[in-house]
Amino acid sequence: MSTTDTHIQAIRKQAQQTFSNHLEYLSSGRVSEWVDLFTEDGVLEFPYGPEGFPKKVTGKGELYEYMKNFPKHFQVRFNGLRFHETTDASLVVAEFASEGKALTTGRPYDQRYISLVETRDGKISRYVDFWNPLVAMKSLGSENLGASFLT
């Protein structure tokens, strides 16, 4: 393996480890550590977010405010993580699932995800989260996911 190949593999491994840490921190309610995985100007995007739900959250301050209540709403365990290798070693494409429940309702929260994550120097610079908001809404017993999730 050439020096270039070794360097590319190191970048890919670091990006995938950052993603794995994201799942670990989120499932264990470690929101401050989760936020630290992002660059200062990191972006979290939700292309399929329902009305009233943010389409984009930018910067560590907004990320913390957005996610700080996640542990009081959901208890989740992530599984089935599968990475798809890309030509850009700093780009992570991942499929995974969650099993869990909404703590306020006791209803199941079983979700499937596809994530597109751009990293820079081992930090997340852009995270595009493809998930089904209807699953979260049903779990929370609410038609207004934004109001339920963020408070």
Side-chain angles (χ1 to χ4, degrees), residues 9 11-39 41-120 122-151:
Q9 288 303 324
I11 292 170
R12 179 170 287 114
K13 183 177 179 179
Q14 182 181 42
Q16 290 177 349
Q17 184 60 55
T18 297
F19 187 85
S20 294
N21 291 345
H22 140 72
L23 295 179
E24 178 186 335
Y25 297 164
L26 201 53
S27 66
S28 61
R30 294 156 54 191
V31 176
S32 293
E33 290 173 83
W34 178 83
V35 169
D36 285 341
L37 292 172
F38 285 80
T39 60
D41 60 346
V43 176
L44 180 59
E45 297 178 30
F46 305 99
Y48 299 132
E51 188 174 326
F53 193 82
K55 297 289 185 195
K56 183 188 280 190
V57 180
T58 304
K60 286 188 173 189
E62 283 186 25
L63 287 163
Y64 180 79
E65 286 302 312
Y66 171 74
M67 288 302 291
K68 69 181 180 184
N69 290 320
F70 182 84
K72 84 175 191 183
H73 289 289
F74 294 103
Q75 181 179 52
V76 296
R77 194 174 58 247
F78 296 106
N79 58 56
L81 177 58
R82 181 174 166 215
F83 292 117
H84 296 275
E85 196 166 302
T86 63
T87 56
D88 178 351
S90 65
L91 175 66
V92 174
V93 176
E95 287 182 77
F96 59 101
S98 70
E99 294 178 10
K101 67 180 178 179
L103 297 174
T104 54
T105 65
R107 293 179 180 173
Y109 180 69
D110 300 329
Q111 181 75 261
R112 295 192 50 81
Y113 304 85
I114 297 175
S115 296
L116 176 76
V117 181
E118 297 173 11
T119 64
R120 186 171 61 236
K123 298 279 189 179
I124 299 168
S125 57
R126 180 174 177 239
Y127 189 124
V128 185
D129 197 11
F130 296 94
W131 57 286
N132 184 348
L134 298 175
V135 171
M137 291 164 71
K138 184 176 179 182
S139 181
L140 291 169
S142 174
E143 290 185 22
N144 186 347
L145 181 59
S148 297
F149 185 68
L150 299 176
T151 58

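- In terms of the ring-ring contact (aromatic ring centres under 6.0 Å, His included) criterion, residue partners of Phe96 (sequence neighbours excluded) are, by chain and number, Phe19, Phe78, Tyr113.
- Heavy-atom neighbours of Lys138 NZ from other residues, nucleotides or ligands within 6.0 Å: at or below the threshold of 12.
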Next item on the list: Take Thr86 and Asp88, measure what side chain to side chain donor-acceptor pair (under 3.5 Å) needs, and give me the verdict at the end.
Entry: CA-CA 5 Å; Thr86 63; Asp88 178 351; 5.6 Å; no

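- A pairwise comparison of heavy atoms in Leu63 and Gly42 identifies CD1-O, 4.0 Å as the closest pair.
- In this structure, a donor-acceptor pair under 3.5 Å is absent between the side chains of Tyr64 and Glu62.
- Side-chain contact between Glu45 and Arg126: present, with at least one pair of heavy atoms (C-beta onward) separated by less than 4.5 Å.
- No more than 12 heavy atoms of other residues, nucleotides or ligands sit less than 6.0 Å from atom CZ of Arg112.
- Here Ser20 pairs with Gln17, Leu81, Phe83 under the side chain to side chain contact (heavy atoms under 4.5 Å, CB included) rule; sequence neighbours left out.
- Proximity of a side-chain donor or acceptor of Thr105 to a complementary backbone N or O of Ser139 within less than 3.5 Å is detected.
- Put simply, the side chain of Lys60 reaches to within 4.5 Å of the side chain of Asp36, judged on heavy atoms.
- Annotation for Tyr48: atom OH does not count as buried by contact number, only 12 or fewer foreign heavy atoms lying within 6.0 Å.
- Qualifying side chain to side chain donor-acceptor pair (under 3.5 Å) partners for Glu33, counting only residues two or more places apart in sequence or in other chains: Arg30.
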